[in-house]
Amino acid sequence: MRKLFALSMVVAIALTMSSCGLGKMVKKYPEVTVTLDNPDLENKGGEVAYTIKGTFPPKYMKKKATMTFTPSLVVDGQKVNPPFATIKVKGEKAKGDGTVIPYKAGGTFTQSGTFKFDEKYETADIVTGAVANLKKKSHDFGDRNLGEGISNTSARANLTPRLTDNANSGTAFLLAPHNYKAEFIGRTATLYFDLNSANMNWNNPNNKTQAAKDSIKAFTDFMNNDYIIDRVVISGWASPEGEETNNQGLSEKRFQVGKNWFNDKFNAYLKDYAKRNNIKMKDLQKPVFEYVNNAKGEDWDGFEAAIEKSNIRQKNQILNVVRSQANNDMREQKIREMTDIYPEIADAILPPLRRAEIQIICKKHDTYTDADLIRFVQSNPNDFSINERLYAASVATDMATKENIYKALINNKKTENDWRAYNNLGALKLNEYYQNGNESSLEEALNYLQKAAALSPNNGIILNNMAIADYLSGDLAAAQANFEASANASVQPVNQNYNTGALSILNGDYSKAAQLMGGKSCDYNTALVQLLQKDYNAAKATLDCIDNVDAKTAYLKAVLAARMKVEEGVYSNLTTAINLDPTLKKTAKRDAEFKRYRHSDRFKQLVK
């Protein structure tokens, strides 16, 4: 079909037709041009748009003659039902429909239309037949080749879901939030210092009070309970009667003294822990936690609170005077002046402000690690809340362990009505289906998701997972509807711009797709829509920054290279794609994007 009639044959036919009035038209037919305006037809949202143009030379079209062009597709040597509209032209005095072609000047025609795409059209030849009629005579000119193949690159939009609880991650098998929040507990010890000093003096009157001794004992006892420390907050303070810069330095030094005191206590605890557990100190794995430096200088809030609680009769006047000063230097001066008038300030208010507070903070339930929690939740599930059990499943890396924890929840009457366990089982099974294609996994997933939806209707997370199940099943219309419902859900709505944008590529709305996906960088679907919009440089930049190139990305790089006419890029990227996924040999062999290369020996060798 790709071979045209030889000119000599046309001349021979012309000689035989010269007496019937069509002879000159037959002879000059090679001067008639019929072309596809864009020879690279492509599927766009299931439709193929085309424009066919024709040009007739002067003194060609007999005034009473008509011509009919019948564009069609030839697949595997057979013409398929013509998806193109028939094109009719006629001379100036001819009857019937058609574009008029003047005899003297010649003329043109343009015919545009669309037809439904079918995958078998990827390798089709695009041809047109032509028949001329004059009075009772007619002549069939045979088929003329217009093009080859219809590309289906827009169908390469691809959602690649992953299992996560992050609703902002693009395409995901979404796990429900576990809602577990760690409860923190702790103890605080307070150390007191002399005026303008950062040296530890245990004879300081405030250090000898029962309250100070009790705080240190409670702190030490708490540490010996083997809680796992999350952080240690050490606050160094100074009383506000001194010069501000000096007081800031004092608070920093007092922080360091507090830190050294804690380290001594903690090392003593570790030695005791090692001894109790028969571990050598050199073999003991020391915990890592955060030190928070909370040295804030002068404790104005503490000063004002102490004055308000005091029995000083003029305390309101004292506070008004201090608060009315323009800056800290003036406030400090007023305090120094008032200590002579009110000895209680010097004796009772200021000394307790010269201190370091050491606060140890631990998670209430973390006397064990995440690994311990996973084990205990499975062995003694009733000892833990639903949120704790869901949290344990979330940090488990083994899929079977996750599944066991979720199944224990739905199989217990006390917890069976929590939608999250059903949803998460559905997400696990969808992920399993995505990984191995086992249809039974998909059936299980849908069953769990339907139960989750019954417990929590109009839930965005559940609808998201149903949408992905639809997508994986090939029901793109249902996927689109469920993604949109997920975004508008009254419970746990999920932003679905990326997913609906990717589906817009399949629907042929590239502008909407680009807008919804927001130009996501280093992203396969973003590169695809850029390519389809013929912004090839942008597509190349997007593809080039994708890490860990997979088969589909390498294949799209090859398509882009073909469109940019970079032959070596076609072969190198196709080689990578086929090495990663050998089934792409068959795809590439049929792909109209490579029609300019498919007859080369190198291409044939690559896809054989």
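Residues: numbered from 1 along the sequence shown.
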Are side-chain heavy atoms of [X] and [Y] found at a separation under 4.5 Å?
X	Y	answer
Thr587	Tyr555	yes
Met25	Lys28	no
Tyr434	Ile468	no
Asn465	Leu430	yes
Arg144	Tyr29	yes
Val48	Thr114	no

*For Tyr406 and Tyr422, run ring-ring contact (aromatic ring centres under 6.0 Å, His included): C-alpha distance rounded to whole Å, both residues' side-chain angles, the deciding distance at 0.1 Å, then the answer.*
CA-CA 7 Å; Tyr406 296 141; Tyr422 289 102; over 10 Å; no
*Aromatic rings Tyr50 and Phe84: how do their planes relate, parallel, tilted or perpendicular, breaks at 30° and 60°?*
perpendicular
*Do the ring planes of Tyr571 and Tyr597 sit parallel (below 30°), tilted (30 to 60°) or perpendicular (above 60°)?*
perpendicular
Checking [X] now: which residues fulfil side chain to side chain donor-acceptor pair (under 3.5 Å) with it, not counting sequence neighbours?
X	answer
Ser112	Thr51
Arg602	Glu568
Ser521	none
Tyr121	none

With the threshold set at 4.0 Å, does a side-chain nitrogen-carboxylate oxygen contact exist between [X] and [Y]?
X	Y	value
Glu403	Lys429	yes
Asp165	Arg420	no
Arg598	Glu148	yes

*Taking the side chain from Thr542 and the backbone from Ala527, do they hold a donor-acceptor pair closer than 3.5 Å?*
no
*With sequence neighbours left out, which residue pairs that include part of residues 34-45 fulfil the salt bridge (charged side-chain N to carboxylate O under 4.0 Å, His left out) condition?*
Asp37-Lys53, Asp40-Lys595, Asp40-Arg596, Glu42-Lys534, Glu42-Arg563
_Lys520 NZ/CZ over Tyr498 ring centroid, <6.0 Å and within 45° of normal_ = yes
_Test side chain to side chain donor-acceptor pair (under 3.5 Å) applied to Asp470 and Ser473, step by step_ = CA-CA 5 Å; Asp470 293 329; Ser473 301; 5.7 Å; no
*All side-chain contact (heavy atoms from CB on, under 4.5 Å) counterparts of Lys589, not counting sequence neighbours*: Val607
